[in-house]
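Just follow the structure's listing: the first ligand is 1, and inside any ligand the first atom is 1. Heavy-atom basis, side chains included; hydrogens, waters and symmetry copies ignored. Counting from 1, the numbers follow the sequence of the chain as shown.
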Amino acid sequence: MLNIILLGPPGAGKGTQAARLQADRGMVQMSTGDMLREAVAAGTPVGLKAKAVMERGELVSDAIVSALIGERLDAAADKGAIFDGFPRTKHQAEALDILLGERGRKLDYVIELAVEEEALVTRITGRFTCAKCGTGYHDQFKLPKTAGICDACGSTEFKRRPDDNEQTVRTRMAEYRAKTAPILPYYEERGLVRRVDGMASVDAVAAQIDAILDAGA
Ligand SMILES: [Zn+2]
């Protein structure tokens with residue numbers, strides 16, 4: 001039963017990998033944003049507390065988030081956890097150690113899906129899809145066999161997502177660095193950080209993550 005933090009900027013495929021780890025290994029994703037919404041909807045003790053705070057227009061405190069994670073860890077006692085979106089600060093990282101320690105568990109790895117910014121810009125700004133059937137293409141890596149005609153359905157209309165532009169990618173990378181900068185040194189010091197190539201294919205990234213988890217199992 002391994003407990004990991006999964007880190008990766010938008011476009012690195014973190015969601016895909018988390019979903020796969022849940023399906024293949026029965027791990028439980030602890031995404032604090034989703035957990036908060038679910039706890040409020042389900043009316044759990046922590047959820048009720050969080051709801052009252054949010055209704056007053058205040059930010060949910062570390063204590064509430066910690067309680068929420070504790071609740072979720074207890075509910076999935078025999079399953080490995082994938083933390084996503086928490087911790088964001090050194091204080092939260094310490095709180096997570098305590099939460100796990102209280103349950104006889106520990107954090108095993110911090111796995112970062114590393115991407116190279118320029119390559120990510122190229123990957124994201126070049127992608128487009130067929131407007132009719134949704135088949136994905138790329139300006140550099142996968143053009144239709146006949147220019148302007150979808151290989152799959154013959155349509156001549158294509159579309160791009162408005163946020164697939166360079167500025168958005170760079171802003172998200174900057175946000176990601178700001179978010180992880182406070183916690184990476186904390187985990188680096190303890191030798192827990194493992195980096196995998198987030199620019200590789202989904203299967204190749206999955207294989208790299210599996211190798212890390214299997215080595216530590
Ligand atoms: Zn098509």
Side-chain angles (χ1 to χ4, degrees), residues 2 4-38 40-41 79-86 88 109-180 194-214:
L2 294 167
I4 66 169
I5 294 173
L6 198 54
L7 297 174
K14 190 175 64 167
T16 305
Q17 296 299 333
R20 188 191 62 83
L21 289 170
Q22 292 189 93
D24 290 1
R25 292 178 177 259
M27 295 176 81
V28 177
Q29 188 173 13
M30 310 253 173
S31 171
T32 46
D34 294 345
M35 283 160 58
L36 208 50
R37 280 187 288 278
E38 285 165 21
V40 169
K79 292 176 178 162
I82 307 164
F83 296 97
D84 173 15
F86 182 95
R88 291 262 167 92
Y109 296 111
V110 176
I111 299 177
E112 182 176 43
L113 307 181
V115 301
E116 202 271 303
E117 182 162 335
E118 297 314 312
L120 188 67
V121 167
T122 301
R123 179 201 265 192
I124 290 180
T125 59
R127 65 189 182 187
F128 61 97
T129 56
C130 169
K132 192 176 166 199
C133 75
T135 297
Y137 295 97
H138 195 280
D139 292 327
Q140 291 188 25
F141 310 129
K142 193 195 166 200
L143 283 167
K145 290 189 183 74
T146 306
I149 298 172
C150 175
D151 296 343
C153 75
S155 166
T156 55
E157 285 188 39
F158 298 88
K159 62 181 181 185
R160 288 173 193 268
R161 284 170 33 181
D163 55 354
D164 281 354
N165 65 73
E166 179 173 349
Q167 191 49 53
T168 303
V169 176
R170 293 198 189 280
T171 302
R172 286 185 184 157
M173 279 299 290
E175 285 168 358
Y176 172 73
R177 285 197 200 92
K179 229 160 43 187
T180 54
R194 300 287 183 279
R195 291 198 167 78
V196 305
D197 178 9
M199 299 305 288
S201 70
V202 170
D203 288 345
V205 174
Q208 290 180 57
I209 293 174
D210 283 341
I212 293 166
L213 298 184
D214 290 339

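- Residues Gln17 and Val202 form a side-chain contact, since some pair of their non-hydrogen atoms from C-beta on lies under 4.5 Å apart.
- Remark: side-chain polar atoms of Lys142 are paired, donor with acceptor, to backbone N or O of Gly136 under 3.5 angstrom.
- Distance check, rounded to the nearest 0.5 Å: CG of Asp151 to OG1 of Thr146 gives 7.0 Å.
- Here the protein contributes Cys130 SG, Cys133 SG, Cys150 SG, Cys153 SG as N, O or S atoms under 2.8 Å from the Zn ion (ligand 1).
- Here the straight-line distance linking atom OG1 of Thr125 with atom NE2 of His138 works out to 6.0 Å at 0.5 Å rounding.
- Aromatic ring pairs are classed by plane angle as parallel below 30°, tilted from 30° to 60° and perpendicular above 60°; the pair Tyr137 and Phe128 is parallel.
- Atom-to-atom distance recorded for Leu113:CG and Met199:CE is 11.5 Å, nearest 0.5 angstrom.
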